[in-house]
Asks: 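Below is the structure I would like to discuss, written out as structure tokens.
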Amino acid sequence: MIVLTASQLEALVDRSATERAVAEIFVEIARGAADQPPPTSMKTDAGTGRYVLMSALSEATGTAAVKLLADVPDNAARGLPTQRSMITVLDRELGSPVALLHGGVPTRVRTAAASAVATRALAREDSRVLGLVGAGGLAREHVEALRGVRDWDRLVIWSRTRERAAALADSLEWSGGIDVVDSCESVFERADTICTLTPSVSPIVRGEWLRPGQHLNVVGARPRADEREVDALTMSRSSVWVDDQATARSKSGDLMLAVAEGALSLDDVVGTLGEVLAGVRPGRTSPQQITLFDSVGIGAQDLAIADLLVREARSRGVGIELDLGA
């Protein structure tokens, strides 16, 4: 098996190929050629941390993969990452170990790739202003992933810390204009497509801000059913698609808290993004429709990018080869 570190993985990233791989695995799930079980979340009363198992099996890649995600909010006070993960890949036919990957880079890149896939599938063709709610590493990755999805004229950024948003704006290579705004509402006033990218536990996006024709990628909240970035009105005013039904029902606070408050029902979810790509469910049906992709993150995305990265690593002779049976 091959072991790949974070720095090695960073050098292997191909964003266009990642977007294609994520789109393909979504379609594979929709057509029944991949198995995407719901995640398992583990915790005890000893701490606030949760340990989430995210798995998938694919006929196309010939692999099975499991990511173990440690979600430890208390690490923020310790000056440590609040999320850490590892991805293990096995051969589907033989069951033999294929690879062990540091999870940080694949998770960041495949998450933004899923937003790119959703934006390509659901946003209006004439979308010209991209908005970011949040200015961390995931926001930077979204700029790179969505750069060529539409002909963007402008980028609008808001963060709770204006200095952080300004620093992101100054560091980007962006051919259009960039606006750093002082309120989250201002992003919705200006942008056609908005990505919410904060680990908020309570809503920072209000449904009354939405304008007809907008597309939202709701991404940032942790995989917990009691945390969310957007309020119930945002969900009820939008046509909602998810990455996976079972995962969204167990881990999406944005969806499940809105359902609990009676703003919509689970039957109101249009379907999965993969079903849109496979032609099983409709995508956007009118220019005025507000579309929303509820991105919780699934094991199949990890499987898809792990397969891509492992093949690229082997072609370049990168990584540490180990024989666990020795």
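Only a predicted model underlies this, so the values are computations on that prediction, with no experimental measurement involved.
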Asks: Give a yes or no answer on whether the side chain of Arg211 reaches the backbone of Phe188 with a donor-acceptor pair at less than 3.5 Å.
Replies: yes
Asks: What pairs of residues pass the salt bridge (charged side-chain N to carboxylate O under 4.0 Å, His left out) test when at least one of them lies in residues 33-45, not counting sequence neighbours?
Replies: none
Asks: Quick one: do Asp126 and Arg124 make a salt bridge, cutoff under 4.0 Å?
Replies: yes
Asks: Step through the shown structure and confirm whether more than 12 heavy atoms of other residues, nucleotides or ligands are within 6.0 Å of CD on Glu321.
Replies: yes
Asks: Judged by atom type as modelled, is there a donor-acceptor pair below 3.5 Å linking the side chain of Arg50 to the main-chain atoms of Thr44?
Replies: no
Asks: Check the side chains of Arg222 and Thr82 for a donor-acceptor pair under 3.5 angstrom, ignoring hydrogens and angles.
Replies: yes
Asks: Would you say Met256 ends up clustered with Val296 if hydrophobic residues are merged whenever their side chains have heavy atoms under 4.5 Å apart, either directly or through other cluster members?
Replies: no
Asks: Tell me whether Arg140 is salt-bridged to Glu173, with the criterion being a basic N under 4.0 Å from an acidic carboxylate O.
Replies: no
Asks: Go through the steps for Leu197 and Leu132 under the test side chain to side chain contact (heavy atoms under 4.5 Å, CB included), then give the verdict.
Replies: CA-CA 7 Å; Leu197 306 163; Leu132 303 178; 4.0 Å; yes
Asks: Among Ile2, Leu4, Val310, Leu9, whose side-chain contact (heavy atoms from CB on, under 4.5 Å) with Val318 holds?
Replies: Leu4
Asks: Which value, rounded to the nearest 0.5 Å, describes the distance between Trp174 atom CH2 and Arg147 atom CZ?
Replies: 6.0 Å
Asks: Considering all heavy atoms of both residues, which atom of Ala232 and which atom of Glu261 are nearest to each other, and what is their separation?
Replies: CB-OE1, 3.2 Å
Asks: Using only atom types and a distance under 3.5 Å, with no angle test, would you say the side chain of Trp241 pairs donor to acceptor with the backbone of Val276?
Replies: no
Asks: Taking the six-membered ring for Trp, are Phe293 and Phe26 parallel (under 30°), tilted (30 to 60°) or perpendicular (over 60°)?
Replies: perpendicular
Asks: Assess the side chains of Asp71 and Gln83: does a donor N or O sit below 3.5 Å from an acceptor N or O?
Replies: yes
Asks: Grouping I, L, V, M, F, W and Y whenever their side-chain heavy atoms are under 4.5 Å apart, do Leu292 and Val269 come out in a common cluster?
Replies: yes
Asks: Does the side chain of Thr61 come under 3.5 Å of the side chain of Thr63 through a donor N or O and an acceptor N or O?
Replies: yes
Asks: Could you give the side-chain donor-acceptor pairs of residues 99-111 under 3.5 Å, partners two or more places apart or in another chain?
Replies:
from   : atom 1 : to     : atom 2 : distance (Å)
His102 : ND1    : Gly104 : N      : 3.1
Thr107 : OG1    : Lys67  : NZ     : 2.8
Thr107 : OG1    : Gly103 : O      : 2.7
Arg108 : NE     : Glu141 : OE1    : 2.9
Arg108 : NH1    : Glu10  : OE1    : 3.4
Arg108 : NH2    : Glu10  : OE2    : 2.6
Arg108 : NH2    : Glu141 : OE1    : 3.2
Arg110 : NE     : Asp302 : OD1    : 2.9
Arg110 : NH2    : Asp302 : OD1    : 3.2
Arg110 : NH2    : Asp302 : OD2    : 3.3
Thr111 : OG1    : Thr107 : O      : 2.6

Asks: Same cluster or not: are Met1 and Ile320 linked, directly or through other Ile, Leu, Val, Met, Phe, Trp or Tyr residues, by side-chain heavy atoms under 4.5 angstrom apart?
Replies: yes
Asks: Quick one: CH2 on Trp152 to OG on Ser127, what's the gap to the nearest 0.5 Å?
Replies: 5.0 Å
Asks: Do Val242 and Ile29 share a hydrophobic cluster (ILVMFWY, side-chain heavy atoms under 4.5 Å, transitive)?
Replies: no
Asks: Pair Val205, Cys184 - check side chain to side chain contact (heavy atoms under 4.5 Å, CB included), show working.
Replies: CA-CA 7 Å; Val205 174; Cys184 185; 4.1 Å; yes
Asks: Taking all atoms of both residues into account, what is the closest heavy-atom pair of Arg224 and Thr48, and its distance?
Replies: NH2-O, 3.1 Å
Asks: Determine yes or no for a side-chain-to-main-chain donor-acceptor pair under 3.5 angstrom, with Asp268 supplying the side chain and Ser265 the backbone.
Replies: yes
Asks: Check for a donor-acceptor pair, side chain of Ser238 on one end and backbone N or O of Thr234 on the other, with a separation under 3.5 Å.
Replies: yes
Asks: Determine, stepwise, if the pair Asn217 / Thr119 fulfils side chain to side chain donor-acceptor pair (under 3.5 Å).
Replies: CA-CA 8 Å; Asn217 297 308; Thr119 301; 2.9 Å; yes
Asks: Taking the side chain as C-beta and beyond, is there a heavy-atom pair between Val89 and Leu303 under 4.5 Å?
Replies: no
Asks: Side-chain donor-acceptor pair under 3.5 Å between Thr196 and Glu229, yes or no?
Replies: yes
Asks: Answer yes when Arg128 and Asp192 have at least one side-chain N-carboxylate O distance shorter than 4.0 Å, and no when they do not.
Replies: no
Asks: Please find the pair of heavy atoms, one from Pro37 and one from Ser55, that lie closest to each other, and give the distance.
Replies: CG-OG, 3.4 Å
Asks: Taking all non-hydrogen atoms of both residues, which atom of Leu257 and which atom of Ala225 are closest, and how far apart?
Replies: CG-O, 3.6 Å
Asks: Atom CG of Leu264 and atom OG of Ser239: how far apart are they, to the nearest 0.5 Å?
Replies: 10.5 Å
Asks: For Ser58 and Ala60, indicate whether the former's side chain and the latter's backbone hold a donor-acceptor pair under 3.5 Å.
Replies: yes
Asks: Can Ser159 and Arg164 be counted as having a side-chain donor-acceptor contact under 3.5 angstrom?
Replies: no
Asks: Roughly how far apart are Ser295 OG and Asp243 CG, rounded to 0.5 Å?
Replies: 5.0 Å
Asks: Output the distance between atom CE (Met54) and atom NZ (Lys251), rounded to the nearest 0.5 Å.
Replies: 10.0 Å
Asks: Could you check whether any side-chain N or O of Ser252 sits under 3.5 Å from a backbone N or O of Arg249, counting only pairs where one atom can act as donor and the other as acceptor?
Replies: no
Asks: Roughly how far, to the nearest 0.5 Å, is CG of Asp294 from CG of Asp244?
Replies: 11.0 Å
Asks: Where the side chain of Gln288 meets the backbone of Gly213, is there a donor-acceptor pair that is under 3.5 Å apart?
Replies: no
Asks: Without swapping roles, check the side chain of Glu312 against the backbone of Leu309 for a donor-acceptor pair under 3.5 Å.
Replies: no
Asks: Verify side chain to side chain contact (heavy atoms under 4.5 Å, CB included) between Arg228 and Ser200, making sure each step is shown before the conclusion.
Replies: CA-CA 6 Å; Arg228 59 180 169 177; Ser200 183; over 6 Å; no
Asks: Has the side chain of Asp91 got a donor or acceptor atom that lies under 3.5 Å from a matching backbone atom of Leu94?
Replies: yes
Asks: How about Gln289 and Ser286: does a side-chain donor come under 3.5 Å of a side-chain acceptor?
Replies: no
Asks: Does the side chain to side chain contact (heavy atoms under 4.5 Å, CB included) test come out yes or no for Ser115 and Val219, once each step is laid out?
Replies: CA-CA 8 Å; Ser115 294; Val219 180; 3.5 Å; yes
Asks: Can we say Arg150 and Glu125 salt-bridge, meaning some charged N sits less than 4.0 Å from an Asp/Glu carboxylate O?
Replies: yes
Asks: Taking all non-hydrogen atoms of both residues, which atom of Val133 and which atom of Thr198 are closest, and how far apart?
Replies: O-CG2, 3.4 Å
Asks: Transitively linked via ILVMFWY side-chain contacts under 4.5 Å: Ile25 with Val27?
Replies: no
Asks: Do Thr193 and His215 get their side chains close enough for a donor-acceptor pair, meaning under 3.5 Å?
Replies: no
Asks: Considering only residues two or more places apart or on different chains, which pairs with a residue in residues 19-32 satisfy salt bridge (charged side-chain N to carboxylate O under 4.0 Å, His left out)?
Replies: Glu19-Arg120
